[in-house]
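Atoms within a ligand are numbered from 1 in the order they appear, just like the ligands themselves. Quick caveat: nothing in here was measured; it's all calculated off a predicted structure.
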Amino acid sequence: MRENSSPSSHGVTVAEDGSYLAIAANGQTSRFHAIWLRDNARDKETRSAANGQRLITLADIPADTRIDSVSRNDNTLSVRFQPEDKTTVFEIDWLLQHAYDLNSEREAGWINNDIELWDTGLSGNVPTADFDAVSDANDVLLQWLTLVSRYGFCKLTGGPIEEQAVLKVVDLFGHVRETNYGRFFDVRAEVNPSNLAYTGLGLQAHTDNPYRDPVPTIQVLYCLESSAAGGDNMVVDGFAAVKALQRENPDWFEVLSSHCARFEYAGSETVHLRARRPMIELAPDGELTGVRFNNRSAAAITDVSFDQMAFYYEAYRRLGAIIDDPSMEVTFRLSPGECFIVDNTRVLHARKGFSGNGSRWLQGCYADKDALQSTISVLAANSAAQSEKHYAKQ
Ligand code: FE2
């Protein structure tokens with residue numbers, strides 16, 4: 001390593017062969033490869049000033065790119081690359097925010113810090129927002145969407161009691177995912193003990209449509225009519241459930257996350273949907289990214305060896321028992337004009353049974369989490385820009 005000769009480059013060193021530079025800040029040293037820096041250059045030949053998109057491909061950057069020199073100017077670094085003989089400027093804050101020189105091997109099933117796991121303890125404090133408030137003020141909208149992102153579900157109260165109001169909820173953050181069920185669908189249940197098919201009896205908590213690939217990542221269920229006693233909605237944090245399974249026996253977690261289950265739906269003549277995905281889905285670095293659990297649409301599992309199948313079923317049974325455990329469930333009731341939004345990759349939902357007379361009518365639709373996260377990012381950036389302006393005026 002060589003310390004850059006300029007006194008203004010304090011805290012920045014460059015490897016002898018120019019293959020990387022290192023920034024010492026806040027008691028930590030972060031190294032950045034020459035090729036990584038060059039690929040992430042922010043100058044106008046590399047990135048479009050208009051939309052931030054990269055204008056070059058990796059083939060445009062010499063494979064033997066190295067750092068020739070670095071000079072520091074307050075919060076920026078000017079880096080000269082060879083053999084292009086190109087100098088480009090990086091903000092040190094940007095570099096530190098994107099540091100990848102981490103020494104930590106993460107364990108399978110690690111969870112993003114923005115997520116908060118919960119169990120039945122959340123029952124008295126169900127995340128809730130008001131339809132008019134989120135519609136009228138961007139800061140309240142941001143708070144609501146942040147709750148959805150953190151807890152994987154949120155109730156919305158005070159909405160209009162009118163057909164297709166569910167679509168207005170999706171308009172607040174994204175776009176409807178249309179499926180073979182249409183842009184939205186009706187969930188009508190009438191109390192009629194002679195026909196259990198139309199009641200909610202016996203429904204285990206589940207994620208919706210696991211037979212789709214990609215699965216719809218958001219579901220909204222909107223109540224238009226609710227005159228029957230019972231019929232409460234119930235949700236279970238699927239991430240908390242699989243983490244509990246992992247604590248009890250890491251091998252159960254491992255067998256369910258390392259084998260594909262199969263899901264299938266052929267409920268009408270024109271539809272035959274199939275997906276081959278694990279019940280516990282991990283990113284390649286072990287991040288817990290999704291749960292698919294639905295006894296009604298689970299197909300024959302054929303991707304587990306004969307030697308492992310009995311153990312797989314043991315794990316599957318235990319995961320189901322954890323999901324069914326009342327200590328995991330949060331229940332709440334929806335009145336007409338109320339709905340709940342659920343992250344269908346994480347939170348399972350079910351409906352409790354009915355009693356007495358009456359009817360229940362909900363409309364549901366699917367949407368996607370990427371648009372919801374995008375709206376959060378845009379609202380947060382706008383809010384930060386506004387408070388900067390506010391402080392500048394003072
Ligand atoms: Fe469902």
Side-chain angles (χ1 to χ4, degrees), residues 126 148 151-156 164-167 169-170 176-190 196-226 228 230-242 261-268 271 273-275 277 279 281 290-299 319-320 322-324 328-334 338-354 359-369 372:
V126 170
V148 176
Y151 295 102
F153 80 106
C154 191
K155 197 175 156 181
L156 196 59
Q164 302 188 31
V166 67
L167 303 179
V169 175
V170 174
V176 167
R177 166 101 75 101
E178 190 166 351
T179 70
N180 55 293
Y181 302 127
R183 277 174 59 74
F184 67 94
F185 46 88
D186 287 293
V187 186
R188 280 181 188 274
E190 291 181 12
L196 293 179
Y198 296 112
T199 77
L201 294 179
L203 272 194
Q204 188 181 30
H206 59 275
T207 59
D208 257 37
N209 292 200
Y211 41 77
R212 292 185 202 283
D213 199 355
V215 75
T217 47
I218 294 282
Q219 182 177 198
V220 185
L221 277 170
Y222 199 104
C223 180
L224 292 171
E225 208 175 287
S226 179
D232 286 3
N233 289 91
M234 187 256 273
V235 286
V236 172
D237 186 349
F239 280 12
V242 300
R262 291 188 184 231
F263 300 95
E264 188 168 12
Y265 175 77
S268 74
V271 178
L273 291 157
R274 282 178 289 191
R277 287 279 170 175
M279 293 192 194
E281 195 151 12
V291 171
R292 289 188 197 219
F293 193 88
N294 189 321
N295 67 303
R296 284 167 295 147
S297 50
L319 177 59
I322 291 170
I323 286 166
D324 290 343
M328 299 297 290
E329 71 179 45
V330 167
T331 56
F332 54 89
R333 191 169 172 75
L334 289 183
E338 297 183 342
C339 70
F340 76 100
I341 178 170
V342 65
D343 175 348
N344 192 48
T345 66
R346 171 186 168 193
V347 171
L348 299 86
H349 62 277
R351 190 191 60 206
K352 297 269 186 177
F354 291 96
S359 65
R360 189 167 177 273
W361 175 26
L362 290 95
Q363 285 189 325
C365 77
Y366 299 114
D368 282 303
K369 214 165 64 165
L372 186 146

Parallel, tilted or perpendicular: ring planes of Y265 versus Y181, cut at 30 and 60 degrees: perpendicular

N, O or S atom within D208 nearest to the Fe ion (ligand 1), by name: OD1

Distance flag, aromatic centroids of F332 and F340, threshold under 6.0 Å: yes

Shortest non-hydrogen contact between T207 and N294, atoms and distance: O-ND2, 3.0 Å

Value rounded to 0.5 Å, distance of CG in L221 from OH in Y366: 8.0 Å

Proximal heteroatom of H349 relative to the Fe ion (ligand 1) (N/O/S): NE2

Shortest-distance N/O/S atom, H206 versus the Fe ion (ligand 1): NE2

